[in-house]
Every structure is written in C-alpha cells, then in structure tokens.
Amino acid sequence: MLGLGVDQLRADMNRLLAMLFHQGVLDEQFLQLQQLQDESSPNFVSEVVNIYFHESEKLLRNLRGLLMDREFSDYKKMGTHLNQFMGSSSSIGAKRIRNVCVAFRAASEHNNRAGCLRALELLEHEYCYLKNKLHELFQIQQQRVLAAGVRYPMQNN
C-alpha cells in the first residue's frame, strides 16, 4: 500500500510536469536544474526556484513602479530590469515568462508605454501561474519524500 502512494505521487508529479512542458511554461532547462539535485542537496531545485521568486518579485515591483510614474521616461532602466528577469527566467527554464520579457523589452525599446503596461500585466499573470504550479509540484514532491520515508511496523497475526 505504501508503494502505491509513492507511485501515485510520482505519477502526479510527472503529469504536472508534462502539462507545464506541453503548455510551454517550462523548457528543458528546468530538467537540467532537476538533474543537479541529489541526496546531498535534496531541496536544491526548490531552493533555487525560491531565490528566483524572491528576486522576481523585486523586479516586478521595480517595473510596476517605473511604469506607474507619470513622468516615466527611463526605458533604458526598464530594459535593465527586463534583461535580469529574462536571464533568471532562462536559468530555471521559465520559458513563457522569458518570452513575455522579450515582448516587454521590445515595447520598451520603442518607448511604447501602453505596450509595456500590457506586457507587465501579462508578465504578472504568467509569474503567478508559474509560482502556483511550481509550489504545487514541490508540495507533491515533499509528500512523496515523506511517503517514501514512512515505515509501518509489521503486524504479526
């Protein structure tokens, strides 16, 4: 019975990952990140992704702050934030976020405030979706680790 629980959780993880790949949310870089995780660092991926989320939230705040300023004209500074966001998104395999950053940067290079606002809205949406789905994945992974470690005493009848 214990094995079925672990197998079911593994299948749930695989289904969720397959869906995220099929939707283009993640790319192969995420798999490469997972390959770096082992017994000596069992939480490596979640730790890296949590750092990404922390830094991304700062970048999103900065981008929103720039765009909400009525006197805004520093598109170069916006481009710097977007380049950071693209790089960190690429490093964890956040493909859709990276692609939105590319479109956002194009709008900023054309000093297109309306395009930047639309791109920021989409970027925030994609970020929330990724964060929720990876949080779900890490919860399933944690349940699987716990289920695999649970041992029930043998009952003698």
Side-chain angles (χ1 to χ4, degrees), residues 1-67 76-109 116 118-155:
M1 187 135 194
L2 178 63
L4 288 176
V6 172
D7 289 343
Q8 181 61 51
L9 290 167
R10 181 178 290 118
D12 290 347
M13 279 179 58
N14 289 338
R15 267 193 298 280
L16 180 55
L17 274 174
M19 180 191 77
L20 294 172
F21 279 94
H22 178 74
Q23 292 175 340
V25 173
L26 295 175
D27 65 19
E28 61 282 344
Q29 184 63 34
F30 188 78
L31 295 177
Q32 291 177 10
L33 190 63
Q34 285 185 310
Q35 290 173 352
L36 297 174
Q37 184 166 294
D38 59 20
E39 288 86 28
S40 67
S41 56
N43 298 319
F44 177 76
V45 175
S46 64
E47 289 170 3
V48 169
V49 169
N50 283 326
I51 292 167
Y52 166 79
F53 287 146
H54 179 74
E55 293 302 313
S56 295
E57 286 173 17
K58 284 195 267 185
L59 290 168
L60 285 168
R61 272 194 309 276
N62 291 341
L63 289 166
R64 178 157 293 287
L66 286 171
L67 281 169
K76 190 175 192 100
K77 187 172 185 178
M78 184 175 293
T80 300
H81 291 314
L82 288 168
N83 286 338
Q84 286 178 301
F85 212 161
M86 276 191 302
S88 60
S89 297
S90 292
S91 72
I92 68 153
K95 182 179 177 182
R96 278 199 336 211
I97 289 179
R98 184 192 65 233
N99 292 344
V100 172
C101 286
V102 169
F104 196 157
R105 189 175 63 186
S108 74
E109 287 171 351
C116 287
R118 283 190 302 275
L120 177 61
E121 187 175 313
L122 183 57
L123 186 58
E124 289 172 333
H125 172 78
E126 289 295 338
Y127 172 79
C128 286
Y129 184 76
L130 176 70
K131 188 173 183 179
N132 288 333
K133 291 301 178 187
L134 288 182
H135 180 71
E136 183 181 340
L137 179 72
F138 296 145
Q139 281 185 319
I140 296 169
Q141 185 176 28
Q142 191 64 34
Q143 289 171 354
R144 186 176 66 96
V145 167
L146 291 173
V150 173
R151 299 287 182 255
Y152 296 101
M154 295 292 281
Q155 291 194 4

Gap separating the [atom1] atom of [X] from the [atom2] atom of [Y], nearest 0.5 angstrom:
| X | Y | atom1 | atom2 | answer |
| --- | --- | --- | --- | --- |
| Met13 | Leu9 | CE | CG | 9.0 Å |
| Gln141 | Phe138 | CD | CZ | 6.5 Å |
| Phe21 | Leu16 | CZ | CG | 10.5 Å |
| Asn99 | Leu122 | CG | CG | 10.0 Å |
| Glu124 | Ser56 | CD | OG | 12.0 Å |
| Leu63 | Lys58 | CG | NZ | 13.5 Å |

Treating [X] as the side-chain partner and [Y] as the backbone partner, does any N or O pair qualify as donor plus acceptor under 3.5 Å?
| X | Y | value |
| --- | --- | --- |
| Gln29 | Ser90 | no |
| Ser91 | Ser88 | yes |
| Arg144 | Asp12 | no |

Subject >> Where at least one partner belongs to residues 28-42, residue pairs that pass salt bridge (Lys or Arg N to Asp or Glu O under 4.0 Å), sequence neighbours excluded >> reply: none
Heavy-atom side-chain proximity of [X] to [Y] below 4.5 angstrom:
| X | Y | result |
| --- | --- | --- |
| Leu59 | Gln84 | yes |
| Val102 | Leu82 | no |
| Asn83 | Thr80 | no |
| Met78 | Cys116 | yes |
| Tyr129 | Ile97 | no |
| Leu130 | Leu26 | yes |
| Met19 | Val25 | no |

Subject >> Worked verdict on Phe85 versus Leu123 for side chain to side chain contact (heavy atoms under 4.5 Å, CB included) >> reply: CA-CA 10 Å; Phe85 212 161; Leu123 186 58; 3.6 Å; yes
Subject >> Passing option when Glu126 is tested against Arg96, Arg98, Lys131, Lys95 for side-chain hydrogen bond (donor to acceptor under 3.5 Å, both in side chains) >> reply: Arg96
Original post:
Do Glu136 and Asn132 have side-chain N/O donor and acceptor atoms under 3.5 Å apart?
Top reply: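 Note: Glu136 and Asn132 side chains miss the donor-acceptor criterion.
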**OP:** Run the numbers on Gln34 and Leu17 for side chain to side chain contact (heavy atoms under 4.5 Å, CB included), then give the verdict.
**Re:** CA-CA 12 Å; Gln34 285 185 310; Leu17 274 174; 3.8 Å; yes
Original post:
Are Glu121 and Arg118 close enough, and set up right, to give a salt bridge (charged side-chain N to carboxylate O under 4.0 Å, His left out), and what steps lead you there?
Top reply: CA-CA 5 Å; Glu121 187 175 313; Arg118 283 190 302 275; over 6 Å; no
**OP:** State, to 0.1 Å, how close Ser40 and Pro42 come at their nearest heavy-atom pair, and which atoms those are.
**Re:** C-CD, 3.6 Å
Subject >> Any pair counted as ring-ring contact (aromatic ring centres under 6.0 Å, His included), so long as it reaches residues 48-67, sequence neighbours left out >> reply: Phe53-Tyr127
Original post:
Among all residues two or more places apart in sequence or in another chain, which pass the side-chain contact (heavy atoms from CB on, under 4.5 Å) test with Asn14?
Top reply: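 Expected list: Arg10.
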